[in-house]
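These notes concern the structure reproduced below.
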Amino acid sequence: MGKGWTRLELATLLEKFQTKMGLVGYADSLPGNFQQLVSKKTVGEIGLTMSNIVWLGNQLETAVYSEPALKNWVKREIKEYIGAPQVGRKYSIEQAALLFIVKDLKVLLDFEEIRKVLGSIFNNPEDRTDDIISPVVFYKSYACLYENLMAQTEILTEEHIKEEIEAYLAEESLYTQVEKSKISRSLLVAVLAVRTRYLKSLAKQYVNSLYDKE
């Protein structure tokens, strides 16, 4: 993978970090401080430092991550959903996924609204088994939905997004109807947030080009 990863590519990498399967092929595309993570000798759960998370986030299209901002979120705004580092002094892959989710939602929502979205599907950060859906699965779900939607049309209407989400969740048997309703609403917000981030970045490129021509 080169610069300009899609969210689906990042979500797939997070899954590989969790299972430790298929990581060797990614070794050459990751910086030196990631090499130990992809080593066959790695024992136990893989953890990420905040600088690791920032580097990964900055490989995404139209995204700018900074370590001070993420640390502030962890200590204050979303402390109750992230919790303390869970892999020694490092963050778990699920915690990293949560930070990526919050970053996407931040373009559209304030932190009070973001906490409502997180609270509807995630619970105690110390016990991910009580979540309706895991952060990594949720992140990959809306990343996949967004890729599929953009492959079909450049114009994302509310009804079109809802139809895709409904079809996406229709085959899932792990969730109750109430849980599917909560996940569906959260996925809709996340897809809209990703599209908003893209449009905001595109608008800024055109604004900057105006100054370049002067």
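It should be emphasised that the depicted structure is a prediction, and the values quoted were computed from it without experimental measurement.
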For this session: Check whether Tyr198 and Tyr206 end up in the same hydrophobic cluster, where Ile, Leu, Val, Met, Phe, Trp and Tyr are linked by side-chain heavy atoms less than 4.5 Å apart.
Result: yes
Problem set entry | Within 6.0 angstrom of Lys182 NZ, more than 12 heavy atoms from elsewhere | no
Exercise. Less than 4.5 Å apart, any side-chain heavy atom of Glu67 and any of Ser51?
Worked result: yes
For this session: Give the cluster check for Val102 versus Val64: same hydrophobic cluster or not, with ILVMFWY residues linked at side-chain heavy-atom distances below 4.5 Å.
Result: no
For this session: Run the numbers on Ile114 and Val117 for side chain to side chain contact (heavy atoms under 4.5 Å, CB included), then give the verdict.
Result: CA-CA 5 Å; Ile114 288 173; Val117 175; 5.7 Å; no
For this session: Indicate the atoms forming the closest heavy-atom contact of Asp131 with Asn123, along with that distance.
Result: OD1-N, 2.6 Å
Seminar exercise, completed: Closest non-hydrogen atoms of Ser92 and Glu45, given as atom of the first, atom of the second and distance, are CB-OE2, 3.4 Å
For this session: Hey, could you give me the NZ/CD distance between Lys140 and Glu15, rounded to the nearest 0.5 Å?
Result: 3.5 Å
Exercise. Linking I/L/V/M/F/W/Y whenever their side-chain heavy atoms sit closer than 4.5 Å, directly or via other members, would Ile133 and Val178 fall into one cluster?
Worked result: no
Seminar exercise, completed: Quick note, side chain to side chain donor-acceptor pair (under 3.5 Å) partners involving residues 104-119, not counting sequence neighbours, are Arg7-Asp104, Asp104-Tyr142
Problem set entry | Approximate separation, where rounding is to 0.5 Å, of Leu14 CG and Lys16 NZ | 11.5 Å
Exercise. How long is the gap from OG on Ser184 to CD1 on Ile121, to the nearest 0.5 Å?
Worked result: 11.0 Å
Exercise. Yes or no on side chain to side chain contact (heavy atoms under 4.5 Å, CB included) for Ile46 and Val87, after CA distance, side-chain angles and deciding distance?
Worked result: CA-CA 7 Å; Ile46 288 178; Val87 186; over 6 Å; no
Problem set entry | Verify same cluster id: Ile101, Leu109 (apolar side-chain graph, 4.5 Å) | yes
Problem set entry | Inter-residue atom distance Ile161.CD1 - Leu145.CG, 0.5 Å rounding | 9.5 Å
Seminar exercise, completed: Here the pair of heavy atoms bringing Gly4 nearest to Glu61 is O-CG, 3.5 Å
Exercise. Just by distance, with hydrogens left out, do Glu94 and Gln18 show a side-chain donor and acceptor under 3.5 Å apart?
Worked result: yes
Exercise. Is the shortest heavy-atom distance from the side chain of Ser201 to the side chain of Gln205 under 4.5 Å?
Worked result: yes
Seminar exercise, completed: Per side chain to side chain contact (heavy atoms under 4.5 Å, CB included), Ile78 is matched among Leu99, Leu70, Asn72 by Leu99
Problem set entry | Leu187 vs Ile183 side-chain heavy atoms within contact, under 4.5 Å | yes
For this session: Verify side chain to side chain contact (heavy atoms under 4.5 Å, CB included) between Leu98 and Tyr139, making sure each step is shown before the conclusion.
Result: CA-CA 8 Å; Leu98 269 166; Tyr139 186 63; over 6 Å; no
Just distance, no hydrogens or angles: give the donor-acceptor pairs under 3.5 Å from side chains in residues 164-173, sequence neighbours left out.
{"residue": "Glu164", "atom": "OE2", "partner": "Gln152", "partner atom": "NE2", "Å": "3.3"}
{"residue": "Tyr168", "atom": "OH", "partner": "Ser141", "partner atom": "OG", "Å": "3.2"}

Seminar exercise, completed: dist Lys180:NZ -> Leu174:CG (nearest 0.5 Å) comes out at 9.0 Å
Exercise. Do Thr49 and Asn52 have a side chain donor and acceptor closer than 3.5 Å?
Worked result: yes
For this session: Kindly determine whether Leu56 and Leu48 satisfy side chain to side chain contact (heavy atoms under 4.5 Å, CB included), including the steps that lead there.
Result: CA-CA 10 Å; Leu56 288 171; Leu48 299 175; 4.0 Å; yes
For this session: Please report the shortest heavy-atom distance between Ala63 and Asn58, naming the atom on each side.
Result: O-OD1, 3.8 Å
Exercise. How close do Gln95 and Ala84 get, heavy atom to heavy atom, and via which atoms?
Worked result: NE2-O, 2.9 Å
Exercise. How many angstroms lie between OG1 in Thr196 and CG in Leu108, if you round to the nearest 0.5 Å?
Worked result: 4.5 Å
Exercise. Can Tyr65 be reached from Ile82 by stepping across I, L, V, M, F, W or Y side chains whose heavy atoms are under 4.5 Å apart?
Worked result: yes
Exercise. Are any of the side-chain heavy atoms of His160 and Leu149 separated by less than 4.5 Å?
Worked result: yes
Exercise. Do Glu147 side-chain atoms and Thr6 backbone N/O form a donor-acceptor pair below 3.5 Å?
Worked result: no
Problem set entry | Non-hydrogen atoms of Leu8 and Ala143 that approach each other most closely | N-CB, 3.6 Å
Exercise. Regarding Arg185 and Ser181, is there a side-chain donor-to-acceptor distance under 3.5 Å anywhere?
Worked result: yes
Exercise. What pairs meet the ring-ring contact (aromatic ring centres under 6.0 Å, His included) rule with one or both residues in residues 70-92, with sequence neighbours excluded?
Worked result: Trp73-Phe111
Exercise. Do the side chains of Val74 and Met50 get nearer than 4.5 Å, heavy atoms only?
Worked result: yes
